[in-house]
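For reference, the structure discussed in these notes is given below.
Order of listing sets the numbers, starting from 1, for every ligand and every atom in it. Throughout, numbering of the chain's residues begins at 1 and tracks the sequence.
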Amino acid sequence: MLDVSSRRSKASIAAAATARTRQPLNNYLSDAAHFPGGHAARIVAPRDTSEIPGLVRNAQTLLVVGAQSSLTGGATPMGETLLSTEKLTRILEVGEDLVTAEAGVPLATLQDTLARAGAWFPPIPTFTGAFTGGVVATNAAGAATFRHGSVRGWVHALTVVLADGSVLALRRGERTARDLGVPIPRYRMPEVEKVSAGYYAAPDMDAIDLIIGSEGTLGVITTVTFRTLSPIPTTALAFVPCPAESAALALVADLRRQRAVAAIEHMDQRSLEILKEDGADRRCDVRVPAGTSLALLVQMELPPGTTESSAYDQIETSLSANAPDTALVRVCRLLQAHGVFDDTEMALPGNVRRAEQLIALRESVPAGVNQRVGRAQQAVDGRIAKTAADMIVPFECFAEMMAIYRRGFAARGLDYAIWGHISDGNVHPNVLPRSYADVERGKDAILEFGREVARLGGCPLAEHGVGRNPVKQALLRDLYGDAGIEEMRAVKRALDPGWKLAPGVIFPAPDAGP
Ligand SMILES: Cc1cc2nc3c(=O)[nH]c(=O)nc-3n(C[C@H](O)[C@H](O)[C@H](O)COP(=O)(O)OP(=O)(O)OC[C@H]3O[C@@H](n4cnc5c(N)ncnc54)[C@H](O)[C@@H]3O)c2cc1C
(Lines give C-alpha, C1' and ligand atoms only; values in the text may rest on other atoms or scores of the structure.)
Protein backbone atom coordinates (compact mmCIF):
# COMPACT_ATOMS: atom_id res chain seq x y z
CA MET A 1 0.00 0.00 0.00
CA LEU A 2 1.17 3.52 -0.73
CA ASP A 3 2.99 4.77 2.39
CA VAL A 4 1.85 8.25 3.30
CA SER A 5 3.54 9.22 6.51
CA SER A 6 1.76 11.69 8.78
CA ARG A 7 4.69 13.53 10.33
CA ARG A 8 4.73 17.24 9.54
CA SER A 9 7.32 19.82 8.60
CA LYS A 10 8.82 21.42 5.51
CA ALA A 11 11.27 19.77 3.13
CA SER A 12 14.52 21.62 2.76
CA ILE A 13 17.92 20.90 1.45
CA ALA A 14 19.16 24.12 3.00
CA ALA A 15 20.82 22.00 5.67
CA ALA A 16 23.42 21.18 3.05
CA ALA A 17 24.66 24.76 3.26
CA THR A 18 27.66 24.90 5.50
CA ALA A 19 28.83 27.88 7.49
CA ARG A 20 32.33 28.73 6.29
CA THR A 21 34.66 30.31 8.77
CA ARG A 22 37.98 30.40 7.04
CA GLN A 23 40.93 32.61 7.51
CA PRO A 24 44.33 31.13 6.70
CA LEU A 25 45.21 31.10 3.02
CA ASN A 26 45.57 27.31 3.16
CA ASN A 27 41.82 27.00 3.54
CA TYR A 28 41.31 28.47 0.07
CA LEU A 29 43.77 26.38 -1.93
CA SER A 30 41.34 23.67 -2.97
CA ASP A 31 37.72 23.46 -4.06
CA ALA A 32 35.18 20.62 -3.78
CA ALA A 33 36.89 18.86 -6.72
CA HIS A 34 40.08 18.53 -4.60
CA PHE A 35 42.06 19.57 -7.66
CA PRO A 36 45.74 19.08 -6.77
CA GLY A 37 48.46 21.71 -6.58
CA GLY A 38 46.48 24.76 -5.44
CA HIS A 39 48.67 27.69 -4.40
CA ALA A 40 48.33 31.45 -4.06
CA ALA A 41 50.54 34.20 -2.74
CA ARG A 42 47.72 36.36 -1.46
CA ILE A 43 44.02 36.47 -0.71
CA VAL A 44 41.78 39.49 -0.65
CA ALA A 45 38.22 39.49 0.62
CA PRO A 46 36.71 42.92 0.03
CA ARG A 47 33.81 44.03 2.21
CA ASP A 48 32.55 46.48 -0.37
CA THR A 49 32.10 46.03 -4.11
CA SER A 50 33.65 49.48 -4.68
CA GLU A 51 37.06 48.00 -3.73
CA ILE A 52 36.99 45.46 -6.53
CA PRO A 53 37.93 47.61 -9.58
CA GLY A 54 41.18 48.68 -7.88
CA LEU A 55 41.99 45.14 -6.78
CA VAL A 56 41.45 43.81 -10.29
CA ARG A 57 43.37 46.64 -11.94
CA ASN A 58 46.39 46.12 -9.72
CA ALA A 59 46.52 42.32 -9.82
CA GLN A 60 48.84 40.57 -12.22
CA THR A 61 46.57 37.54 -12.38
CA LEU A 62 43.40 37.03 -10.37
CA LEU A 63 41.03 34.21 -9.54
CA VAL A 64 37.66 35.13 -8.05
CA VAL A 65 36.04 32.46 -5.90
CA GLY A 66 32.71 32.06 -4.20
CA ALA A 67 31.92 29.14 -1.90
CA GLN A 68 34.53 26.98 -3.69
CA SER A 69 32.00 24.23 -4.20
CA SER A 70 33.23 23.83 -7.77
CA LEU A 71 33.48 20.22 -8.93
CA THR A 72 35.94 21.10 -11.70
CA GLY A 73 38.96 22.74 -10.05
CA GLY A 74 37.80 26.09 -11.47
CA ALA A 75 37.91 27.58 -7.96
CA THR A 76 41.41 26.28 -7.21
CA PRO A 77 44.10 28.98 -7.44
CA MET A 78 47.28 28.31 -9.42
CA GLY A 79 49.35 31.24 -8.21
CA GLU A 80 46.84 34.02 -8.91
CA THR A 81 45.74 36.60 -6.37
CA LEU A 82 42.64 35.08 -4.84
CA LEU A 83 39.60 37.32 -4.58
CA SER A 84 37.04 35.80 -2.26
CA THR A 85 33.50 37.19 -2.43
CA GLU A 86 32.59 35.75 0.97
CA LYS A 87 32.21 39.17 2.62
CA LEU A 88 29.95 40.55 -0.09
CA THR A 89 26.85 39.30 1.63
CA ARG A 90 24.34 42.10 1.34
CA ILE A 91 20.94 41.54 -0.19
CA LEU A 92 20.37 44.96 -1.68
CA GLU A 93 16.75 44.85 -2.76
CA VAL A 94 13.85 42.43 -2.69
CA GLY A 95 11.30 43.64 -5.23
CA GLU A 96 8.03 42.19 -6.43
CA ASP A 97 9.61 39.78 -8.90
CA LEU A 98 13.32 40.64 -8.70
CA VAL A 99 16.02 40.34 -6.08
CA THR A 100 19.38 42.11 -6.16
CA ALA A 101 22.23 40.72 -4.09
CA GLU A 102 25.98 40.96 -3.81
CA ALA A 103 28.00 38.10 -5.27
CA GLY A 104 28.81 36.41 -1.96
CA VAL A 105 25.30 35.67 -0.74
CA PRO A 106 24.78 31.93 -0.23
CA LEU A 107 21.70 30.64 -2.05
CA ALA A 108 20.22 29.29 1.20
CA THR A 109 20.33 32.82 2.67
CA LEU A 110 18.84 34.28 -0.50
CA GLN A 111 16.04 31.73 -0.43
CA ASP A 112 15.29 32.36 3.28
CA THR A 113 15.14 36.12 2.69
CA LEU A 114 12.87 35.67 -0.30
CA ALA A 115 10.65 33.27 1.67
CA ARG A 116 10.00 36.01 4.23
CA ALA A 117 8.68 38.10 1.33
CA GLY A 118 6.59 35.20 0.00
CA ALA A 119 8.84 34.65 -3.03
CA TRP A 120 11.44 32.11 -4.19
CA PHE A 121 14.27 31.56 -6.63
CA PRO A 122 13.39 28.36 -8.53
CA PRO A 123 16.54 27.14 -10.37
CA ILE A 124 18.36 26.21 -7.19
CA PRO A 125 21.20 23.64 -7.57
CA THR A 126 21.66 20.84 -5.04
CA PHE A 127 24.32 22.62 -2.98
CA THR A 128 22.58 25.66 -1.51
CA GLY A 129 25.80 26.89 0.11
CA ALA A 130 26.94 28.06 -3.36
CA PHE A 131 27.06 31.84 -3.76
CA THR A 132 24.98 33.98 -6.11
CA GLY A 133 28.07 34.99 -8.13
CA GLY A 134 29.28 31.39 -8.35
CA VAL A 135 26.02 29.98 -9.67
CA VAL A 136 25.90 32.68 -12.36
CA ALA A 137 29.55 32.12 -13.28
CA THR A 138 28.91 28.40 -13.81
CA ASN A 139 25.34 28.66 -15.11
CA ALA A 140 24.41 26.17 -12.42
CA ALA A 141 21.47 23.86 -12.87
CA GLY A 142 19.88 21.14 -10.79
CA ALA A 143 17.00 18.75 -10.36
CA ALA A 144 14.32 21.37 -10.98
CA THR A 145 15.83 22.47 -14.29
CA PHE A 146 13.19 20.31 -15.95
CA ARG A 147 10.50 22.76 -14.86
CA HIS A 148 12.45 25.97 -14.34
CA GLY A 149 15.52 25.85 -16.58
CA SER A 150 19.08 26.65 -15.49
CA VAL A 151 20.25 29.81 -13.69
CA ARG A 152 20.84 31.58 -17.04
CA GLY A 153 17.16 32.15 -17.67
CA TRP A 154 16.73 33.80 -14.24
CA VAL A 155 19.50 36.38 -14.50
CA HIS A 156 18.00 39.81 -15.13
CA ALA A 157 21.04 42.02 -14.49
CA LEU A 158 24.69 41.82 -13.45
CA THR A 159 27.41 44.22 -12.40
CA VAL A 160 30.77 43.03 -13.64
CA VAL A 161 34.30 44.32 -13.18
CA LEU A 162 36.37 43.67 -16.31
CA ALA A 163 40.08 42.87 -16.39
CA ASP A 164 41.06 46.55 -16.83
CA GLY A 165 39.05 47.51 -13.74
CA SER A 166 36.17 49.09 -15.65
CA VAL A 167 32.67 48.44 -14.36
CA LEU A 168 30.02 47.07 -16.67
CA ALA A 169 26.33 47.23 -15.73
CA LEU A 170 24.41 44.72 -17.83
CA ARG A 171 20.65 44.41 -17.96
CA ARG A 172 19.08 41.70 -20.07
CA GLY A 173 17.89 43.01 -23.41
CA GLU A 174 19.89 46.23 -23.34
CA ARG A 175 23.23 45.33 -24.95
CA THR A 176 24.47 42.68 -27.32
CA ALA A 177 27.83 40.94 -26.99
CA ARG A 178 28.83 42.65 -30.24
CA ASP A 179 28.31 46.03 -28.53
CA LEU A 180 31.17 45.02 -26.24
CA GLY A 181 33.43 44.48 -29.23
CA VAL A 182 33.48 40.73 -28.75
CA PRO A 183 33.74 38.38 -31.76
CA ILE A 184 30.79 35.98 -31.53
CA PRO A 185 31.88 32.33 -31.80
CA ARG A 186 30.24 30.41 -34.62
CA TYR A 187 30.06 27.00 -32.96
CA ARG A 188 26.56 25.65 -32.38
CA MET A 189 25.68 24.90 -28.79
CA PRO A 190 23.87 21.62 -28.13
CA GLU A 191 20.10 22.11 -27.94
CA VAL A 192 19.53 20.64 -24.49
CA GLU A 193 18.30 22.15 -21.23
CA LYS A 194 21.67 22.23 -19.48
CA VAL A 195 24.86 23.47 -21.09
CA SER A 196 27.84 24.49 -18.97
CA ALA A 197 30.47 24.10 -21.68
CA GLY A 198 32.50 27.25 -22.16
CA TYR A 199 31.20 30.49 -23.57
CA TYR A 200 27.61 30.90 -24.69
CA ALA A 201 27.37 31.67 -28.38
CA ALA A 202 24.44 32.69 -30.56
CA PRO A 203 24.01 35.32 -33.28
CA ASP A 204 23.04 38.70 -31.78
CA MET A 205 23.45 37.25 -28.32
CA ASP A 206 22.84 39.35 -25.25
CA ALA A 207 26.01 40.59 -23.57
CA ILE A 208 24.77 39.23 -20.24
CA ASP A 209 24.80 35.70 -21.65
CA LEU A 210 28.51 35.99 -22.33
CA ILE A 211 29.26 36.52 -18.63
CA ILE A 212 26.86 33.80 -17.44
CA GLY A 213 28.80 30.53 -17.50
CA SER A 214 32.17 32.20 -18.14
CA GLU A 215 33.65 30.75 -14.92
CA GLY A 216 35.46 33.89 -13.80
CA THR A 217 37.49 34.19 -17.02
CA LEU A 218 35.82 37.32 -18.45
CA GLY A 219 34.99 39.43 -15.41
CA VAL A 220 34.29 39.53 -11.70
CA ILE A 221 30.56 39.52 -10.98
CA THR A 222 29.93 41.87 -8.06
CA THR A 223 26.12 42.02 -7.92
CA VAL A 224 23.38 39.93 -9.46
CA THR A 225 19.70 40.59 -10.04
CA PHE A 226 17.62 37.45 -10.34
CA ARG A 227 14.00 37.09 -11.37
CA THR A 228 11.93 35.48 -8.65
CA LEU A 229 8.53 33.82 -8.44
CA SER A 230 5.71 34.05 -5.98
CA PRO A 231 3.79 32.54 -4.34
CA ILE A 232 5.93 29.70 -3.02
CA PRO A 233 4.46 26.32 -4.00
CA THR A 234 4.17 23.47 -1.55
CA THR A 235 6.13 20.38 -2.45
CA ALA A 236 5.56 16.67 -2.31
CA LEU A 237 7.99 13.84 -3.01
CA ALA A 238 7.48 10.26 -4.16
CA PHE A 239 10.10 7.52 -3.90
CA VAL A 240 9.29 5.02 -6.65
CA PRO A 241 11.11 1.67 -6.83
CA CYS A 242 10.92 0.25 -10.37
CA PRO A 243 11.43 -3.37 -11.42
CA ALA A 244 13.21 -2.61 -14.70
CA GLU A 245 14.89 0.31 -16.46
CA SER A 246 12.54 0.06 -19.43
CA ALA A 247 9.52 0.33 -17.10
CA ALA A 248 11.05 3.31 -15.31
CA LEU A 249 11.82 5.11 -18.55
CA ALA A 250 8.26 4.59 -19.79
CA LEU A 251 6.97 6.10 -16.54
CA VAL A 252 9.39 9.05 -16.73
CA ALA A 253 8.37 9.69 -20.35
CA ASP A 254 4.71 9.87 -19.31
CA LEU A 255 5.45 12.09 -16.30
CA ARG A 256 7.44 14.43 -18.54
CA ARG A 257 4.72 14.49 -21.20
CA GLN A 258 2.03 15.41 -18.72
CA ARG A 259 4.27 18.09 -17.14
CA ALA A 260 3.01 16.77 -13.81
CA VAL A 261 6.31 17.06 -11.96
CA ALA A 262 9.06 19.58 -11.20
CA ALA A 263 11.91 17.07 -11.20
CA ILE A 264 12.67 13.36 -11.30
CA GLU A 265 15.87 11.97 -9.82
CA HIS A 266 17.26 8.55 -10.66
CA MET A 267 19.37 5.96 -8.82
CA ASP A 268 20.57 2.88 -10.68
CA GLN A 269 20.94 -0.61 -9.23
CA ARG A 270 24.53 -0.12 -8.08
CA SER A 271 23.50 3.12 -6.38
CA LEU A 272 20.79 1.20 -4.50
CA GLU A 273 23.34 -1.45 -3.50
CA ILE A 274 25.55 1.29 -2.10
CA LEU A 275 22.63 2.57 -0.03
CA LYS A 276 22.11 -0.92 1.36
CA GLU A 277 25.84 -1.55 1.96
CA ASP A 278 26.04 1.72 3.90
CA GLY A 279 22.78 1.16 5.80
CA ALA A 280 21.40 4.42 4.35
CA ASP A 281 18.08 2.79 3.49
CA ARG A 282 17.58 1.79 7.14
CA ARG A 283 18.77 5.15 8.44
CA CYS A 284 16.35 6.96 6.15
CA ASP A 285 13.61 4.45 6.95
CA VAL A 286 13.00 3.63 3.28
CA ARG A 287 12.13 0.16 2.07
CA VAL A 288 13.64 -0.83 -1.26
CA PRO A 289 11.70 -3.95 -2.33
CA ALA A 290 13.58 -7.02 -3.54
CA GLY A 291 13.74 -7.04 -7.34
CA THR A 292 14.06 -3.26 -7.62
CA SER A 293 16.42 -2.44 -10.46
CA LEU A 294 16.29 1.34 -10.17
CA ALA A 295 14.49 3.94 -8.11
CA LEU A 296 13.06 7.35 -8.93
CA LEU A 297 12.53 10.31 -6.64
CA VAL A 298 9.70 12.39 -8.07
CA GLN A 299 9.31 15.99 -6.93
CA MET A 300 5.98 17.78 -7.35
CA GLU A 301 5.13 21.44 -6.89
CA LEU A 302 1.57 21.75 -5.63
CA PRO A 303 -0.52 24.92 -5.32
CA PRO A 304 0.33 27.01 -2.24
CA GLY A 305 -1.83 26.07 0.70
CA THR A 306 -2.17 22.41 -0.30
CA THR A 307 -2.30 20.62 3.04
CA GLU A 308 -1.31 17.11 3.89
CA SER A 309 -4.93 16.11 4.37
CA SER A 310 -6.12 17.70 1.10
CA ALA A 311 -3.24 15.97 -0.70
CA TYR A 312 -4.22 12.70 0.95
CA ASP A 313 -7.82 13.17 -0.23
CA GLN A 314 -6.57 13.70 -3.77
CA ILE A 315 -4.59 10.48 -3.61
CA GLU A 316 -7.59 8.56 -2.22
CA THR A 317 -9.84 9.74 -5.02
CA SER A 318 -7.23 9.70 -7.77
CA LEU A 319 -8.68 6.64 -9.45
CA SER A 320 -12.26 7.84 -9.52
CA ALA A 321 -13.56 9.56 -12.64
CA ASN A 322 -14.49 12.74 -10.76
CA ALA A 323 -11.08 13.29 -9.14
CA PRO A 324 -9.86 16.87 -9.63
CA ASP A 325 -7.28 17.35 -12.41
CA THR A 326 -4.30 18.17 -10.19
CA ALA A 327 -0.62 17.35 -10.58
CA LEU A 328 -0.85 14.94 -7.66
CA VAL A 329 -3.81 13.09 -9.15
CA ARG A 330 -2.06 12.86 -12.52
CA VAL A 331 1.09 11.47 -10.89
CA CYS A 332 -0.90 8.90 -8.88
CA ARG A 333 -2.76 7.76 -11.99
CA LEU A 334 0.49 7.30 -13.87
CA LEU A 335 2.01 5.37 -10.96
CA GLN A 336 -1.05 3.09 -11.03
CA ALA A 337 -0.95 2.71 -14.80
CA HIS A 338 2.71 1.69 -14.64
CA GLY A 339 2.13 -0.78 -11.78
CA VAL A 340 4.41 0.93 -9.23
CA PHE A 341 1.85 2.71 -7.04
CA ASP A 342 1.81 0.12 -4.26
CA ASP A 343 5.57 0.28 -3.64
CA THR A 344 5.74 4.09 -3.77
CA GLU A 345 6.49 6.05 -0.59
CA MET A 346 5.38 9.67 -0.41
CA ALA A 347 6.22 12.74 1.61
CA LEU A 348 3.18 14.98 1.40
CA PRO A 349 3.17 18.78 1.86
CA GLY A 350 4.28 19.80 5.32
CA ASN A 351 5.87 16.46 6.16
CA VAL A 352 9.41 17.73 6.53
CA ARG A 353 10.80 14.72 8.28
CA ARG A 354 9.72 12.30 5.58
CA ALA A 355 10.86 14.66 2.82
CA GLU A 356 14.23 15.06 4.48
CA GLN A 357 14.58 11.28 4.75
CA LEU A 358 13.85 10.82 1.04
CA ILE A 359 16.25 13.60 0.07
CA ALA A 360 18.90 12.23 2.45
CA LEU A 361 18.54 8.84 0.79
CA ARG A 362 19.22 10.36 -2.63
CA GLU A 363 22.17 12.38 -1.29
CA SER A 364 23.60 9.25 0.34
CA VAL A 365 24.43 7.92 -3.11
CA PRO A 366 27.11 10.53 -4.04
CA ALA A 367 28.25 10.57 -0.41
CA GLY A 368 28.71 6.78 -0.47
CA VAL A 369 30.57 6.89 -3.77
CA ASN A 370 32.84 9.73 -2.60
CA GLN A 371 33.65 7.82 0.59
CA ARG A 372 34.63 4.76 -1.43
CA VAL A 373 36.86 6.87 -3.66
CA GLY A 374 38.46 8.43 -0.56
CA ARG A 375 39.02 5.02 1.05
CA ALA A 376 40.64 3.65 -2.13
CA GLN A 377 42.86 6.74 -2.28
CA GLN A 378 43.97 6.16 1.32
CA ALA A 379 44.34 2.39 1.17
CA VAL A 380 45.39 1.65 -2.41
CA ASP A 381 46.95 4.56 -4.28
CA GLY A 382 47.14 8.26 -3.50
CA ARG A 383 46.56 9.06 -7.18
CA ILE A 384 43.05 7.64 -7.09
CA ALA A 385 40.50 10.43 -7.57
CA LYS A 386 36.84 10.94 -8.32
CA THR A 387 36.29 9.86 -11.91
CA ALA A 388 32.88 10.98 -13.05
CA ALA A 389 30.96 12.65 -15.83
CA ASP A 390 28.07 15.09 -16.00
CA MET A 391 26.43 14.63 -19.38
CA ILE A 392 23.01 15.33 -20.85
CA VAL A 393 21.18 13.98 -23.89
CA PRO A 394 17.71 14.67 -25.27
CA PHE A 395 15.44 12.45 -23.18
CA GLU A 396 14.50 10.36 -26.24
CA CYS A 397 18.14 9.18 -26.32
CA PHE A 398 18.39 8.43 -22.60
CA ALA A 399 18.09 4.63 -22.89
CA GLU A 400 20.74 4.58 -25.61
CA MET A 401 23.04 6.75 -23.50
CA MET A 402 22.66 4.45 -20.50
CA ALA A 403 23.46 1.45 -22.70
CA ILE A 404 26.60 3.27 -23.92
CA TYR A 405 27.70 3.98 -20.35
CA ARG A 406 27.16 0.39 -19.26
CA ARG A 407 28.92 -1.07 -22.31
CA GLY A 408 31.83 1.33 -21.99
CA PHE A 409 32.38 0.66 -18.29
CA ALA A 410 31.87 -3.11 -18.60
CA ALA A 411 34.31 -3.34 -21.54
CA ARG A 412 36.96 -1.80 -19.28
CA GLY A 413 36.12 -4.06 -16.32
CA LEU A 414 35.03 -1.10 -14.17
CA ASP A 415 32.72 -0.97 -11.16
CA TYR A 416 30.44 2.08 -11.43
CA ALA A 417 27.25 3.74 -10.26
CA ILE A 418 24.97 6.11 -12.18
CA TRP A 419 22.48 8.57 -10.74
CA GLY A 420 21.16 12.04 -11.44
CA HIS A 421 18.49 14.16 -12.98
CA ILE A 422 16.64 11.79 -15.27
CA SER A 423 13.87 14.30 -16.03
CA ASP A 424 16.47 16.29 -18.01
CA GLY A 425 18.28 13.27 -19.45
CA ASN A 426 21.25 14.33 -17.27
CA VAL A 427 22.92 11.73 -15.05
CA HIS A 428 26.32 11.33 -13.46
CA PRO A 429 28.18 8.10 -14.35
CA ASN A 430 30.80 7.54 -11.61
CA VAL A 431 33.62 5.01 -11.50
CA LEU A 432 34.19 3.15 -8.21
CA PRO A 433 37.96 2.80 -8.64
CA ARG A 434 39.81 -0.13 -7.09
CA SER A 435 43.18 0.92 -8.53
CA TYR A 436 44.80 3.86 -10.30
CA ALA A 437 44.47 1.86 -13.53
CA ASP A 438 40.68 2.02 -13.00
CA VAL A 439 40.93 5.81 -12.87
CA GLU A 440 42.85 5.89 -16.14
CA ARG A 441 40.41 3.49 -17.77
CA GLY A 442 37.52 5.55 -16.39
CA LYS A 443 38.88 8.75 -17.97
CA ASP A 444 39.19 6.94 -21.27
CA ALA A 445 35.58 5.78 -20.97
CA ILE A 446 34.40 9.33 -20.17
CA LEU A 447 36.10 10.73 -23.27
CA GLU A 448 34.39 8.06 -25.34
CA PHE A 449 31.03 8.86 -23.69
CA GLY A 450 31.51 12.55 -24.50
CA ARG A 451 31.85 11.80 -28.21
CA GLU A 452 28.77 9.55 -28.12
CA VAL A 453 26.72 12.09 -26.17
CA ALA A 454 27.62 14.79 -28.72
CA ARG A 455 26.60 12.41 -31.53
CA LEU A 456 23.22 12.00 -29.82
CA GLY A 457 22.73 15.78 -29.79
CA GLY A 458 23.61 16.13 -26.12
CA CYS A 459 26.25 17.99 -24.15
CA PRO A 460 29.14 16.28 -22.29
CA LEU A 461 29.36 19.23 -19.86
CA ALA A 462 25.91 19.85 -18.46
CA GLU A 463 25.96 21.43 -15.01
CA HIS A 464 29.31 21.85 -13.35
CA GLY A 465 31.36 23.69 -15.96
CA VAL A 466 34.83 22.93 -17.29
CA GLY A 467 37.24 24.48 -14.81
CA ARG A 468 40.79 23.18 -14.79
CA ASN A 469 39.88 19.51 -15.13
CA PRO A 470 41.92 18.13 -18.08
CA VAL A 471 39.26 15.56 -19.00
CA LYS A 472 36.56 18.24 -19.03
CA GLN A 473 38.79 20.52 -21.11
CA ALA A 474 39.35 17.62 -23.54
CA LEU A 475 35.57 17.04 -23.69
CA LEU A 476 35.10 20.71 -24.55
CA ARG A 477 37.70 20.48 -27.30
CA ASP A 478 36.04 17.35 -28.68
CA LEU A 479 32.67 19.11 -28.62
CA TYR A 480 33.64 22.29 -30.47
CA GLY A 481 36.93 21.31 -32.10
CA ASP A 482 40.20 23.27 -32.08
CA ALA A 483 38.48 26.04 -34.04
CA GLY A 484 35.83 26.40 -31.35
CA ILE A 485 38.45 26.70 -28.62
CA GLU A 486 40.26 29.33 -30.69
CA GLU A 487 36.99 31.26 -31.00
CA MET A 488 36.63 31.17 -27.21
CA ARG A 489 40.17 32.39 -26.84
CA ALA A 490 39.35 35.28 -29.21
CA VAL A 491 36.46 36.24 -26.93
CA LYS A 492 38.77 36.09 -23.92
CA ARG A 493 41.40 38.20 -25.71
CA ALA A 494 38.81 40.87 -26.57
CA LEU A 495 37.87 41.40 -22.92
CA ASP A 496 41.04 40.30 -21.15
CA PRO A 497 44.01 40.74 -23.51
CA GLY A 498 46.54 40.23 -20.71
CA TRP A 499 44.97 36.89 -19.73
CA LYS A 500 44.61 38.23 -16.19
CA LEU A 501 41.39 36.57 -15.04
CA ALA A 502 41.33 32.86 -14.17
CA PRO A 503 44.08 31.85 -16.62
CA GLY A 504 43.89 28.13 -17.39
CA VAL A 505 40.20 27.83 -16.51
CA ILE A 506 37.98 26.47 -19.34
CA PHE A 507 40.97 26.24 -21.72
CA PRO A 508 44.74 26.41 -21.25
CA ALA A 509 46.37 29.83 -21.04
CA PRO A 510 48.40 30.75 -24.20
CA ASP A 511 51.77 30.07 -22.54
CA ALA A 512 50.56 26.60 -21.56
CA GLY A 513 50.37 25.41 -25.14
CA PRO A 514 47.22 24.13 -26.92
C1 LIG B 1 27.55 18.58 -2.84
C2 LIG B 1 27.58 19.39 -4.12
C3 LIG B 1 26.47 19.39 -4.93
C4 LIG B 1 26.46 20.14 -6.12
N5 LIG B 1 25.34 20.14 -6.89
C6 LIG B 1 25.30 20.90 -8.00
C7 LIG B 1 24.11 20.96 -8.80
O8 LIG B 1 23.09 20.37 -8.50
N9 LIG B 1 24.16 21.71 -9.92
C10 LIG B 1 25.25 22.44 -10.28
O11 LIG B 1 25.22 23.13 -11.29
N12 LIG B 1 26.39 22.39 -9.54
C13 LIG B 1 26.43 21.66 -8.42
N14 LIG B 1 27.58 21.63 -7.66
C15 LIG B 1 28.76 22.41 -8.09
C16 LIG B 1 28.81 23.85 -7.51
O17 LIG B 1 28.01 23.97 -6.35
C18 LIG B 1 28.35 24.85 -8.55
O19 LIG B 1 29.23 24.86 -9.64
C20 LIG B 1 28.22 26.30 -8.02
O21 LIG B 1 27.61 27.08 -9.00
C22 LIG B 1 29.55 26.93 -7.63
O23 LIG B 1 29.29 28.08 -6.83
P24 LIG B 1 30.40 28.63 -5.83
O25 LIG B 1 29.91 29.88 -5.20
O26 LIG B 1 30.84 27.57 -4.92
O27 LIG B 1 31.56 29.01 -6.86
P28 LIG B 1 33.10 28.57 -6.82
O29 LIG B 1 33.18 27.10 -6.71
O30 LIG B 1 33.82 29.36 -5.81
O31 LIG B 1 33.56 29.03 -8.26
C32 LIG B 1 33.15 28.34 -9.41
C33 LIG B 1 33.64 29.10 -10.66
O34 LIG B 1 32.95 30.33 -10.76
C35 LIG B 1 33.87 31.43 -10.73
N36 LIG B 1 33.28 32.47 -9.88
C37 LIG B 1 32.87 32.35 -8.59
N38 LIG B 1 32.39 33.52 -8.16
C39 LIG B 1 32.49 34.40 -9.19
C40 LIG B 1 32.17 35.78 -9.36
N41 LIG B 1 31.65 36.52 -8.36
N42 LIG B 1 32.43 36.36 -10.55
C43 LIG B 1 32.96 35.66 -11.58
N44 LIG B 1 33.28 34.34 -11.47
C45 LIG B 1 33.06 33.72 -10.29
C46 LIG B 1 35.16 30.87 -10.14
O47 LIG B 1 36.28 31.58 -10.63
C48 LIG B 1 35.12 29.42 -10.62
O49 LIG B 1 35.62 29.33 -11.94
C50 LIG B 1 27.61 20.89 -6.49
C51 LIG B 1 28.73 20.89 -5.65
C52 LIG B 1 28.72 20.15 -4.48
C53 LIG B 1 29.93 20.18 -3.59
Exercise for review: Taking the side chain as every heavy atom from C-beta outward, state whether R172 and D209 have any atom pair closer than 4.5 Å.
Suggested key: yes
Check your understanding: Can you find a pair of side-chain heavy atoms, one from I418 and one from Y405, that are under 4.5 Å apart?
Key -> yes
Just to confirm my output: which protein heavy-atom neighbour is closest to [atom], and how far is it?
atom: atom 5 (N) of ligand 1; result: T126 CB, 3.5 Å
atom: atom 21 (O) of ligand 1; result: T138 OG1, 2.8 Å
atom: atom 3 (C) of ligand 1; result: F127 CB, 3.6 Å
atom: atom 46 (C) of ligand 1; result: V64 O, 3.1 Å
atom: atom 13 (C) of ligand 1; result: H464 CD2, 3.7 Å
atom: atom 41 (N) of ligand 1; result: I221 O, 3.0 Å
atom: atom 29 (O) of ligand 1; result: S70 N, 2.8 Å

From the candidates [options], the one that places a heavy atom nearest [atom]:
atom: atom 7 (C) of ligand 1; options: A141, G142, A367; value: A141
atom: atom 18 (C) of ligand 1; options: S69, A32, A75; value: S69
atom: atom 35 (C) of ligand 1; options: G134, A137, G219; value: A137

Distance under 4.0 Å to a non-hydrogen atom of [X]: what atoms of ligand 1 satisfy this?
X: A140; value: 11 (O), 21 (O)
X: P125; value: 7 (C), 8 (O), 9 (N), 10 (C)
X: E215; value: 35 (C), 47 (O), 49 (O)
X: A103; value: 41 (N)
X: G66; value: 25 (O), 28 (P), 30 (O), 37 (C), 38 (N)
X: A130; value: 20 (C), 23 (O), 25 (O)
X: G74; value: 47 (O), 48 (C), 49 (O)

Side chain or backbone, does [X] bring an N or O within less than 3.5 Å of an N or O on ligand 1?
X: L71; value: no
X: V220; value: no
X: F131; value: yes
X: H421; value: no
X: T85; value: no

Check your understanding: Can you find a non-hydrogen atom of V135 under 4.0 Å from ligand 1?
Key -> yes
**Study point:** Ring centres under 6.0 angstrom apart (H266, H428)
**Key:** no
Check your understanding: Could you give the distance from OG (S196) to CD1 (I392), rounded to the nearest 0.5 Å?
Key -> 11.0 Å
Exercise for review: Report the distance from atom CG of L162 to atom CG of L168, rounding to the nearest 0.5 Å.
Suggested key: 5.0 Å
Exercise for review: Inspect the surroundings of CZ in R375 and state if more than 12 heavy atoms from other residues, nucleotides or ligands are less than 6.0 Å away.
Suggested key: yes
Exercise for review: Anything under 30° is parallel, anything over 60° is perpendicular, the rest tilted; go ahead and classify F398 against F395.
Suggested key: parallel
Give a yes-or-no answer on whether the side chains of [X] and [Y] include a donor-acceptor pair shorter than 3.5 Å.
X: Y199; Y: T217; value: yes
X: Q357; Y: R354; value: yes
X: E301; Y: H148; value: yes
X: D112; Y: T109; value: no
X: D97; Y: T228; value: no
X: T225; Y: T100; value: yes

Revision key, fill the gap. Scanning both residues in full, the closest heavy-atom pair of G142 with D424 reads O-OD2, 3.7 Å
